[in-house]
Visitor: 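Dropping a structure here in structure tokens format, bear with me for questions.
A note on names: the letters A, B, ... follow the listed sequences, proteins ahead of strands, and every chain is numbered from 1. Everything numeric here is computed off the predicted structure, so don't read it as measured data.
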Amino acid sequence: MDLGELQELIKILEGSQLAEMEIEEEGRRVRLSKLTAAQMAAPMHFLTNPAGQAVPTAQNPDAQEQSNLRGNGLITIDSPMVGTFYASSAPGKPPFVLPGDTVEPNQTVCIIEAMKIMNEVTAKLPVIIEKVLVENGEPVEYGQPLFTARPLI
Amino acid sequence: MDLGELQELIKILEGSQLAEMEIEEEGRRVRLSKLTAAQMAAPMHFLTNPAGQAVPTAQNPDAQEQSNLRGNGLITIDSPMVGTFYASSAPGKPPFVLPGDTVEPNQTVCIIEAMKIMNEVTAKLPVIIEKVLVENGEPVEYGQPLFTARPLI
Amino acid sequence: MFRRLLIANRGEIAVRIIRACREMGITSIAVYSTADRDSLHTVLADESICIGPAEANESYRNIPAIIAAAEITDAQAIHPGYGFLSESAKFASICLECRLAFIGPNPKTLSLSGDKAACRKAVEAAGVPVVPGSPGIIQDPEEAVKIAEKIGFPLVVKATHGGGGKGMRIAHNDATLKHDVAMAASEARAAFGNGGVYLEKYIEGARHIEFQIVADQFGRIVSLGERECTIQRRHQKLIEETPSTALSASLRSRMAKAALRAARAIGYTNVGTVEFLLSPNGQYYFIEFNARIQVEHGVTEEVTGIDLVREQIRLAAGEPLGYSSVIPRGAAIEARIYAEDPELNFRPSPGIIKRCHIPGGPGIRVDTHLFPGYEVSRYYDALLAKVIARGKNRQEAIARLVGALEEFLTDGVSNTARLATRIVRGDRFRRGDIGPDLLEEYLPSIG
Amino acid sequence: MFRRLLIANRGEIAVRIIRACREMGITSIAVYSTADRDSLHTVLADESICIGPAEANESYRNIPAIIAAAEITDAQAIHPGYGFLSESAKFASICLECRLAFIGPNPKTLSLSGDKAACRKAVEAAGVPVVPGSPGIIQDPEEAVKIAEKIGFPLVVKATHGGGGKGMRIAHNDATLKHDVAMAASEARAAFGNGGVYLEKYIEGARHIEFQIVADQFGRIVSLGERECTIQRRHQKLIEETPSTALSASLRSRMAKAALRAARAIGYTNVGTVEFLLSPNGQYYFIEFNARIQVEHGVTEEVTGIDLVREQIRLAAGEPLGYSSVIPRGAAIEARIYAEDPELNFRPSPGIIKRCHIPGGPGIRVDTHLFPGYEVSRYYDALLAKVIARGKNRQEAIARLVGALEEFLTDGVSNTARLATRIVRGDRFRRGDIGPDLLEEYLPSIG
């Protein structure tokens, strides 16, 4: 193992916002992993809500971006607001998108209703929809993933 | 496994902000992992006594043994009780031991007075006294190091 | 009574409201920004829901997000806490339109109490003394000069929609007055969207005394006594106490009656505070309402035994007050602890609280949202904790407060606990010789 | 008044005493065993000193070590807390010989209160009802049988120097009685160095009511009201409250007078507790003194506003009581939380508290020595925290206590918080229908 190379890799990981790095080549494998903020600070994750959450917890609530990388090359399209998820423009109408659909940037993928206003959620990138994560009519939090999708860039 | 190389890897991990490192090559696999902050458990050492300690804190209060290894091959002879340290049997008398003295097992090295009772402290091992850590007449805690000494075994 | 209540706030007051809900058997629903995912209110509430990013305008001040959160969680009522949307007449009326009970006064009262010049007029008309000043909004700088001739300098130029010291200037002579009026008006327009300003005489050496009132929807209104809040730095209160050492029994009774008259004049319901200035010669003047729960409500709770947050909820649900007068017992003092560095001109000190020790014992109550691992965010108010001591008299409360403040410890952020300790241990505070100049004695001299 | 006071104890009561010292301006000196190097009392005290290894007999019960620590730290007084040396007449008299004030009754009173058979006699002679039983120590099993004929079965065989349920047996007939007397005597000889046993009638369904008293050195003695402590498991109290739902005003007044008569009969000074059994038909019987501060003293403090630890120190310093009667206000209930697993027959659960959340808010006081990182040691008592709620009435106190218990969280050790929650939420507790059988309803059935 070339220690200089290892040091280099560590520096790259530390300088990035990644949590882990795993490299495999020519029979060698290196896996490096950061302390998570939670591990460093041990906030009270163990305090669970006795009555459970009102709605599923957003998996990435720090999302400032609509789309977030998943490990497997997929991204998620997250809710830009708290409200009610609608897959189609009106009851009985077909959904805006279905798994397998190719979606262009600015194309509407769903509606979030908040205070009686229908807010159209659009894709920012060209993607293929993989999975719809939320049922029609289901309440969603800010930042909650609505779809997984495969970027087409 | 080359222990020198392992030490090298440990140093690199310790010096970094990473939590884990895993390396696999030529059929060997090494995984190193740091204690998290939570595991280190953080008792409130930062709470210091506003008015300072009554007497110096024993450096090794978990001492169940009289003698404790120091890093440099020296041991300490610790106080077996809370009380007042006397280096000699009576005022004006010469001290029981001085730095450089060779001491046999069961030889008295000092007295700790508690509730008017003079308790003789004896060496458990043959040692050479290196340094007296406490002034004559000074109060001492349980477990407080009184002497550093070099074992003669 | 409500079964489900949404709390449109964060920090210690959200925790306080959760506790009131728990005691009342109401399901509490917390809203949180992405910065507060691990905050205490988020984890202690029965349910919690993310409503937006860290910036308060996008989350805790975001009316559509909060209403949507209330709707999808089937909340029946919204408690706004203090700050954020708590005194927004617009928010209160949207709540009502959406058939959500707003825990606070009705929108009409909030409109009036939020328009300081109009409120001052209404209260004066009810026979309550107000600080001498302009009869209403100043139309132009020349009008200000004429009024100044009548009431004399120094004068305070105040924005009618201002608050917390913003849009406020002190003028010492005609020359600066015109400039100050123009500047305050443009500041206020920028900050509050309303450039109306008015004038008040500056009362030198005045103490800041406020009365806690509670009013039901059936016309019953009761005073729960005063709080002395004179020790402030730039309109940020540091130490509050009840009873005030400034009031005789007769003055207290007169001021309480004035507070009730003022509240009736604007049709006040629910829980609120009437603020007065008390001049060194014993003359009191109404200045404004705080139409919400106050940060310092705890000192009143400690001497009256009345849970003010529970009263807010009960009264908003249409329940009647169960008493027509209350006799406070003993004394209570609160020290607020902020994540600010007094040595660096009170610069905010955000960061992660690595470890902390919260004091306790007889007579001590600490309202806080701190825990080891909590991150004090630069996005929000710097209040870390309120340490409240009660005693059978002021001396006992001071001794307990000093002990508790000495015990209070956090690392990771600078805070004002030691400053507070020095003030309450000091001779002037012990003597009860409190004035707006007291704090200066404890501030690092600006060399 | 003392300037320097040494605390011969650990855990929450040591923290409690440190707080009283702080409030009184007394320098507090903690002693600690090597297991308590990072304990809260060690770090919160003004000074602290290591006195021995983890085993209590070598540290907290080690008289020479404690006296030596007091001497080298120039302490003027020793507060023994509860447990350990707190009721040791020998320790109290050694303190006096060494010119150290002992914070508690004088050694003579301690001797008498520690000898239960003799104490029972003295109190009976003062006209206070005692449980029917043997006039003194039983000399042989035959004598026991004769007494049993007079007073009837079931009977309790008690060791005169026993305590906390040790050296106590219940006998149901002649056959077992002889055996029980012999066994209790030999148990007591082994455990307390004194094999004297006596007999008392077993009062079925009796509630456990105790009266808090305070007595100065000038003959003034005052009752601060009762505490209901019936909810116990093997003599370990779980829930205590004041006032008791079992007492009418007239019964309370008669029992308070009996408590004061009993205390005078043994020359009691300082702060103490007189324990009674109250039979279902309203007959009360003295059983014993607790000649020290009680674990559950906080509930009395919350309703009287009197700091009992401060009173202990003041009275030991020769100060007089400043009142001749006290009217308690409202209600207070305490739930003790132990590091024990109710699912595993209350097996102690030592370990490191990784994280914890201590509840707070209006009316809540938590006396505890917990903090994240604290190690619950197998060497000491399993008490983790006392959660105390006060309210203007019992209903309010219950609602607050339930809320606080639901909030209480620790990880790393099992604890009894949920059991306590279930009890105080339960119908029987709410109704005030409390009896020695109440706890059984909440225990896992032993299949």
Side-chain angles (χ1 to χ4, degrees), chain C residues 12 15-25 40 43-44 46 297-298 300-302 304-310 329-330 354-369 371-373 385-386 388-393 396-407 409, chain D residues 12 15-25 28 40 43-44 46 297-298 301-302 304-310 329-330 354-369 371-373 385-386 388-393 396-407 409:
Chain C
E12 69 86 16
V15 171
R16 174 70 187 82
I17 298 164
I18 291 167
R19 286 174 176 156
C21 288
R22 239 186 243 271
E23 191 182 324
M24 298 174 79
L40 195 57
V43 289
L44 280 189
D46 292 326
H297 71 279
T300 300
E301 291 182 330
E302 292 302 309
T304 61
I306 291 174
D307 180 331
L308 286 170
V309 176
R310 189 173 58 190
R329 290 181 190 282
K354 278 175 274 170
R355 285 161 290 193
C356 59
H357 173 69
I358 306 299
I364 297 299
R365 163 179 164 193
V366 182
D367 279 15
T368 185
H369 55 298
F371 58 88
K386 307 181 308 196
I388 305 167
R390 73 171 190 283
K392 58 182 176 300
N393 52 41
E396 186 172 82
I398 291 176
R400 286 175 170 174
L401 183 58
V402 168
L405 287 171
E406 285 175 348
E407 241 189 68
L409 279 166
Chain D
E12 69 85 18
V15 171
R16 173 71 187 82
I17 298 164
I18 290 166
R19 288 176 174 155
C21 287
R22 239 186 244 271
E23 191 182 323
M24 298 174 80
S28 58
L40 195 57
V43 289
L44 279 189
D46 292 325
H297 71 277
E301 291 182 330
E302 292 302 308
T304 61
I306 292 175
D307 179 331
L308 287 169
V309 176
R310 188 172 61 189
R329 286 180 193 284
K354 277 175 274 169
R355 286 161 291 192
C356 59
H357 172 71
I358 306 298
I364 297 299
R365 163 179 164 193
V366 182
D367 279 14
T368 184
H369 54 297
F371 58 89
K386 306 182 308 196
I388 306 168
R390 73 171 189 284
K392 58 181 178 299
N393 52 41
E396 185 174 81
I398 291 175
R400 287 176 169 174
L401 183 60
V402 169
L405 287 171
E406 285 176 347
E407 243 189 69
L409 280 166

Visitor: In the structure I gave you, are the side-chain heavy atoms of D:His357 and C:Leu44 within less than 4.5 Å of one another anywhere?
Guide: yes
Visitor: Return the minimal non-hydrogen interatomic distance between C:Pro362 and D:Asp307, and the atom names on each side.
Guide: CG-OD2, 4.2 Å
Visitor: Which residue out of D:Ala399, D:Gly361, D:Gly298, D:Gly403 racks up the most heavy-atom pairs below 4.5 Å with chain C?
Guide: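 Result: the option with the highest number of such pairs is D:Gly361.
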Visitor: My understanding is that only residues two or more places apart in sequence, or in another chain, count here; which of them pass salt bridge (charged side-chain N to carboxylate O under 4.0 Å, His left out) with D:Glu301?
Guide: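 Only D:Arg16, D:Arg365 meet the salt bridge (charged side-chain N to carboxylate O under 4.0 Å, His left out) criterion with D:Glu301.
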Visitor: What pairs with D:Arg390 under salt bridge (charged side-chain N to carboxylate O under 4.0 Å, His left out), at least two apart in sequence or on another chain?
Guide: C:Glu302, D:Glu302
Visitor: Can you tell which of C:Glu23, C:Arg22, C:Arg19 makes a side-chain contact (heavy atoms from CB on, under 4.5 Å) with D:Arg400?
Guide: C:Glu23
Visitor: Heavy-atom pairs under 4.5 Å with chain D - which of C:Lys392, C:Glu396, C:Glu12, C:Met24 has more of them than the others?
Guide: C:Glu396
